[in-house]
Asker: 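Take a look at the following structure, please.
Naming: A, B, ... by sequence-line order, numbering from 1 per chain.
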Amino acid sequence: MDRHYDPKAVEAKWYPWWERNGCFHDEPSRGGKPYTVVIPPPNVTGILHMGHALNQTIQDVLVRWHRMRGENVCWVPGTDHAGIATQNVVEKALRKEGKRRQDLGREAFIDRVWEWKRQYGGTIVHQQRMLGNSTDWRRERFTMDEGLSTAVAKVFCDLYDEGLIYRGNYIVNWCPRCGTALADDEVEHEPNAGHLWYVRYPVVGSEGEFVTVATTRPETLPGDTAVAVNPSDARYAHLRGKKVLLPLTNREIPVVFDDYVEKDFGTGVVKITPAHDANDFAVGQRHDLPQVDVMNDDGTMNARSGYEGMDRFACREAIVKDLEKGGYLVKVEDYQNQVGHCYRCHTVVDSRLSKQWFVRMKPLAGPAIEAVRKGEIAIQPKRWESVYFNWMENIRDWCISRQIWWGHRIPVYTCGACGHEWAAPTKPTRCPKCGAAELTQDPDVLDTWFSSWLWPFSTLGWPQKTEDLAFYYPTNDLITGADILFFWVARMIMAGYHFMGRAPFRNVILHGIVRDAQGRKMSKSLGNSLDPLEIIDRYSADALRFSLALITSMETDTKVDMGKFEIGRNFGTKLWNAARFLQMNAEKLPGFSFADHADQPPALDPALLRDDDRHLLLKAHHTCAALDAALAKYRIQDGALAIYDFAWTDFCDWYLEYAKADLNAPDEKRRRQVMAILADVYGKILRLLHPYMPFVTEEIWHQLGYCGEEATIMRAPYPTGYADAQIAAWGLTEEALAYVEAKHDLITGIRALRAEAGVPPAATVRPLLHPASDALRDRLTHDLPSIQTAVRAESLTLIADTPTDPMPSKLLKAGMVYLPLQGLVDTQAEAEKLDKEIAKLQGFLNGVNAKLNNQAFVSKAPAPIIQNQRDRKAELEVQIAALQARRATL
RNA sequence: GGGGGAUUAGCUCAGUUGGUUAGAGCGUCUGCUUGACAUGCAGAAGGUCACUGGUUCGAGUCCAGUAUCUCCCACCA
């Protein structure tokens, strides 16, 4: 093996190899237990960001784990056509040529988008491969694929025929830059430092009386068709039946009375603009007010406004100026309110009256609420369930039409002859009613989410009855960011029940978002984004994945900075070097083969086993259980921690160091046995870790020869630990484990004593140990060489009495240890140290005694807890006695 | 306005159903080129678990309140 691990070469080698060899692919015909995941499809215009890296790392860990458990795994990748985003990109390119999409016409423009997709649409799917995702690329889908488009058309027509889709003139969110309607959740509200303008509206037929309204959007004033006050507001009761004069115009508009108006806000008088505000629209409907639209599609003012052609914000200033000139403006206050922005282009959205298509959501929401309530679908972390219920129970109709060209065109046709309107999944040639051939199709396209909400079954072939659909649906786990719970997850659940009659998935796993070191969202404008590809370039994909897994809790957002990825990089290096050590030593044993240790438990001679071996084997067993438990509960971080700690601390720091002595000793039986343990446990580490770090584990698996060239660790069984009979035969007891923990404590303690006493590193010492118990004395007697080596001691003498010579000491789990030194020993300091230690332990003992003397504790606490305290008391008494005995000699 | 979350070492975070002396990584300090690994090894320092009260034999953990920070939802012009 090379001295240095070269992740770039290794990662570039394995991914194509896996893909070429169908390692990511499975078929229903193979049978077994299906495990299905659909990837949240990234936008086809997207480039890989840290959110993808986190989301896909979690998925790949789970997917690879299930695959190694022998399940029939299907992980569907793909991309989303991202209507507005993609159209924006192509329009931008057109603008560089000095053209608009209208110059090309609809069909040519759409061709142009497809061309763009062919050329650049593969960017993100290429980048995803860099992460090491084991997605089945043979099943890759695109939301505008023929099959998925068929599904979209069928769904639209079914809902249309069921009466769940309707068209109407409503107030919608309108993005003037994109020139389209937006759904409610596509609008992002942000605080805005604006103003509140107080404007006088003269009361018609009075002598100089007026009402003052407060508004944040004076440019909508020409669209006012009433002013409103609260019916119980005594200040304005006399205005019933009156009219006011709309400033800058000579229109008279009525005063209406409506509960919507808050008496305490502003002046208690509201201008009503039904065509430009959702609330005003509702007031207008209640009072039968006219709707005056004063703006164009692009955010400029129209002829009705009197400011034709002016931009809405310029108009705002112009109107304010004119109001001031006319003496209508009373005052201006600074005012902070929430202003909606387009989630795509961040333009301030307007509320605008227009004719749009909507889906009636209430009937769809019912079963979806029920599903989560009954536990057919579990959302984790659990607290999101209440968020889900809250949204679903107050669900509003979904505006699904978009005034753009790129997307699934709404399959509604109108007959030019008889006016009949109907929905059809494929383009009809004649009117089904009158037979005429003059048909026009609705010009709008569907919201992109109208295809994504079908993703769990449309990607498996629906509406065809495919084998994939029968075998892999419903999917198992849906892993995504909580930010698209409403956009996507909730709608998929509704679609799953409505169209398939079943849940689309069993578990929803919502993770947080990736933030920068200061906890800010990563964004282009802040320039604080980390690029996953740069991290891969600097540290490797394995490092990116492992570090993310290790620092990500499911409960909270993840803060990252470049330094975090050193954790994964260093761990990869550590593994590599451990592998080199194993290989070097294996070469010295003729006939030794790692292949014999790929899965079969090693044939160990119990007579040759030491407690260190037992400690490692039992810890390995525990680690297998820990990984299994963690991954079953989606606790990716716990699993990463468990394997990291075991591999680094138990395997490398402790066992490998012990093993060095054995591997260099003449006893060949023992050498073979140690090598077998190393190969077995290291093989487990590689397999346990593979879902997290697929590349380096695969490379080492092959380099050491755990498998042949044609095989892969991807399909090696996930370790489950040792059989009970094996554990019994090898004597893997908790007692042995506890003994080795005490031994480690002893080694650490002697090292610390050396360091504190300033003994040079190269010098050897001859420490004395007064064991805490006879049992310990016996066990240690058989185990002295490894301790001596670990602490660079010439000898370690087990003594029976408290020594009287002045020398530093330390109280450890194993007993009192003494370090005889030549030269000066500060007896005074030593005495003080002992006094301090005695006082500390006495404090603990007092606490324990207080508990044991507490009648309530003894009668109410469970027996094991009481026993713990008794054991603790005994232990403390022994320790204090040992310290006091030593103190007495000084 | 409604709802959620967070608050544990200098920093980033673990801490499963309440039960020995609250852990890890990074950073800091000390020593080390020891034949797997300086992307490393050995050792050390560092925490009244935000605050106040309550429940309990026992609270970082459960409950209530307070403070600060955060996110989501919502029609206050």
Asker: Testing the basics here: between His341(A) and Val349(A), what is the closest heavy-atom pair and its distance to 0.1 Å?
Answerer: C-CG1, 3.7 Å

Asker: Using the P atom as the point on both nucleotides, what is the distance between C13(B) and A42(B), in whole Å?
Answerer: 27 Å

Asker: Across nucleotides 32-43 of chain B, 5' to 3', mark each nucleotide with B, S or - according to how protein heavy atoms within less than 4.0 Å reach it.
Answerer: ----BB-BSSSS

Asker: In whole Å, what separates the P atom of G31(B) from that of A24(B)?
Answerer: 23 Å

Asker: Between U20(B), C13(B), A74(B), which nucleotide has the shortest distance from any of its atoms to the side chain of Gln637(A)?
Answerer: C13(B)

Asker: For atom C1', what is the distance between U17(B) and U21(B), given to the nearest Å?
Answerer: 23 Å

Asker: Would you mind building the protein contact string for nucleotides 7-12 of chain B? One character per nucleotide, 5' to 3', B for base within reach (heavy atoms under 4.0 Å), S for sugar-phosphate only, - for untouched.
Answerer: -----S

Asker: May I ask you to say what Asn390(A) touches in the nucleic acid, namely base, sugar-phosphate or nothing, with a heavy-atom cut-off under 4.0 Å?
Answerer: nothing

Asker: Base, sugar-phosphate alone, or nothing: which one does Phe565(A) contact when heavy atoms must sit under 4.0 Å apart?
Answerer: nothing

Asker: Mind checking the P distance from A67(B) to A77(B)? Whole angstroms is fine.
Answerer: 26 Å

Asker: How close or far is atom P of G58(B) from atom CG of Asn853(A), stated in whole angstroms?
Answerer: 15 Å

Asker: Which atom pair, heavy atoms only, marks the closest approach of Glu186(A) to Leu182(A)?
Answerer: OE1-CA, 3.5 Å

Asker: Assuming nearest nucleotide by heavy-atom distance, tell me which of Thr556(A) and Gln869(A) is located more 5' along RNA chain B.
Answerer: Thr556(A)

Asker: With a 4.5 Å cut-off on side-chain heavy atoms, are Glu566(A) and Tyr539(A) touching?
Answerer: yes

Asker: Going by the side-chain contact (heavy atoms from CB on, under 4.5 Å) test, name the single residue among Val229(A), Val199(A), Val244(A) that passes it with Val211(A).
Answerer: Val244(A)

Asker: So, taking the atom named CG in Leu627(A) and the one named CD1 in Ile636(A), what distance separates them when rounded to the nearest 0.5 Å?
Answerer: 10.0 Å

Asker: Just say parallel, tilted or perpendicular for the rings of Phe546(A) and Phe571(A), cut-offs at 30° and 60°.
Answerer: tilted

Asker: Just the rounded figure in Å: distance from P of C26(B) to CD1 of Ile567(A).
Answerer: 7 Å

Asker: Walk me through it: do Arg872(A) and Lys851(A) pass the test side chain to side chain contact (heavy atoms under 4.5 Å, CB included)?
Answerer: CA-CA 12 Å; Arg872(A) 177 90 181 114; Lys851(A) 272 191 189 174; over 6 Å; no

Asker: Find the distance Leu221(A):CG to A77(B):P and express it as a whole number of Å.
Answerer: 17 Å

Asker: Taking any heavy-atom pair under 4.0 Å as a contact, classify Arg538(A): base, sugar-phosphate, or nothing.
Answerer: nothing

Asker: Nearest whole angstrom, please: distance from the P of G18(B) to the CZ of Phe857(A).
Answerer: 16 Å

Asker: Could you say whether Val848(A) or Arg396(A) is positioned toward the 5' end of RNA chain B, judged by the nucleotide with the nearest heavy atom to each?
Answerer: Val848(A)

Asker: What orientation do Trp654(A) and His744(A) show, parallel under 30°, tilted 30 to 60°, or perpendicular over 60°?
Answerer: parallel

Asker: Rounded to whole angstrom units, what separation is found between the CG atom of Leu845(A) and the C1' atom of U20(B)?
Answerer: 13 Å

Asker: Please report the distance, rounded to the nearest Å, between CG in Leu841(A) and P in U20(B).
Answerer: 17 Å

Asker: Under the side chain to side chain contact (heavy atoms under 4.5 Å, CB included) rule, what do Phe646(A) and His622(A) come out as? Steps first, then yes or no, please.
Answerer: CA-CA 10 Å; Phe646(A) 175 68; His622(A) 289 337; over 6 Å; no

Asker: Can you tell me how far P of C73(B) sits from CG of Asp483(A), to the nearest Å?
Answerer: 10 Å

Asker: Taking any heavy-atom pair under 4.0 Å as a contact, classify Pro862(A): base, sugar-phosphate, or nothing.
Answerer: base

Asker: Considering only the C1' atoms, how many Å lie between G43(B) and A50(B), rounded to the nearest integer?
Answerer: 33 Å

Asker: Name the orientation class of the two ring planes belonging to Phe594(A) and Phe592(A) (parallel below 30°, tilted from 30 to 60°, perpendicular beyond 60°).
Answerer: perpendicular

Asker: Counting only N and O atoms by type, is there a donor-acceptor contact under 3.5 Å from the side chain of Asp557(A) to the main-chain atoms of Ile513(A)?
Answerer: yes

Asker: Could you give me the stems involving RNA chain B, meaning stretches of three or more consecutive Watson-Crick or G-U wobble pairs whose two defining distances are both below 3.5 Å?
Answerer: B:1-7 with B:67-73, B:10-13 with B:23-26, B:28-32 with B:40-44, B:50-54 with B:62-66

Asker: Using modelled atom types and a 3.5 Å cut-off, is there a donor and acceptor pairing between side-chain atoms of Asp745(A) and backbone atoms of Glu741(A)?
Answerer: no

Asker: How many whole angstroms separate atom CD1 of Ile865(A) from atom P of U20(B)?
Answerer: 7 Å

Asker: Applying a 4.0 Å non-hydrogen cut-off, can you work out what Asn337(A) is touching in the nucleic acid: base, sugar-phosphate, or nothing?
Answerer: sugar-phosphate

Asker: Students often get this wrong, so: under 4.0 angstrom with heavy atoms, is Val387(A) touching a base, only sugar-phosphate, or nothing?
Answerer: nothing

Asker: What does Arg635(A) touch in the nucleic acid at a heavy-atom separation under 4.0 angstrom: a base, only the sugar-phosphate, or nothing?
Answerer: sugar-phosphate

Asker: Hey, does Gly268(A) reach any base, or is it just sugar-phosphate, or nothing, if we go heavy atoms under 4.0 Å?
Answerer: base

Asker: What's the verdict on side-chain hydrogen bond (donor to acceptor under 3.5 Å, both in side chains) for Asp277(A) and Thr273(A), showing C-alpha distance, side-chain angles and the deciding distance?
Answerer: CA-CA 6 Å; Asp277(A) 184 278; Thr273(A) 322; over 6 Å; no

Asker: Rounded to whole angstrom, note down the P distance from C62(B) over to U8(B).
Answerer: 16 Å

Asker: Taking everything shown except Lys588(A) itself, do over 12 heavy atoms lie less than 6.0 Å from its NZ?
Answerer: yes

Asker: Determine the interatomic distance between P on U61(B) and the same-named atom on U56(B); round to the nearest Å.
Answerer: 16 Å

Asker: What distance, rounded to whole Å, do you find between the two P atoms, one in A36(B) and one in G23(B)?
Answerer: 32 Å

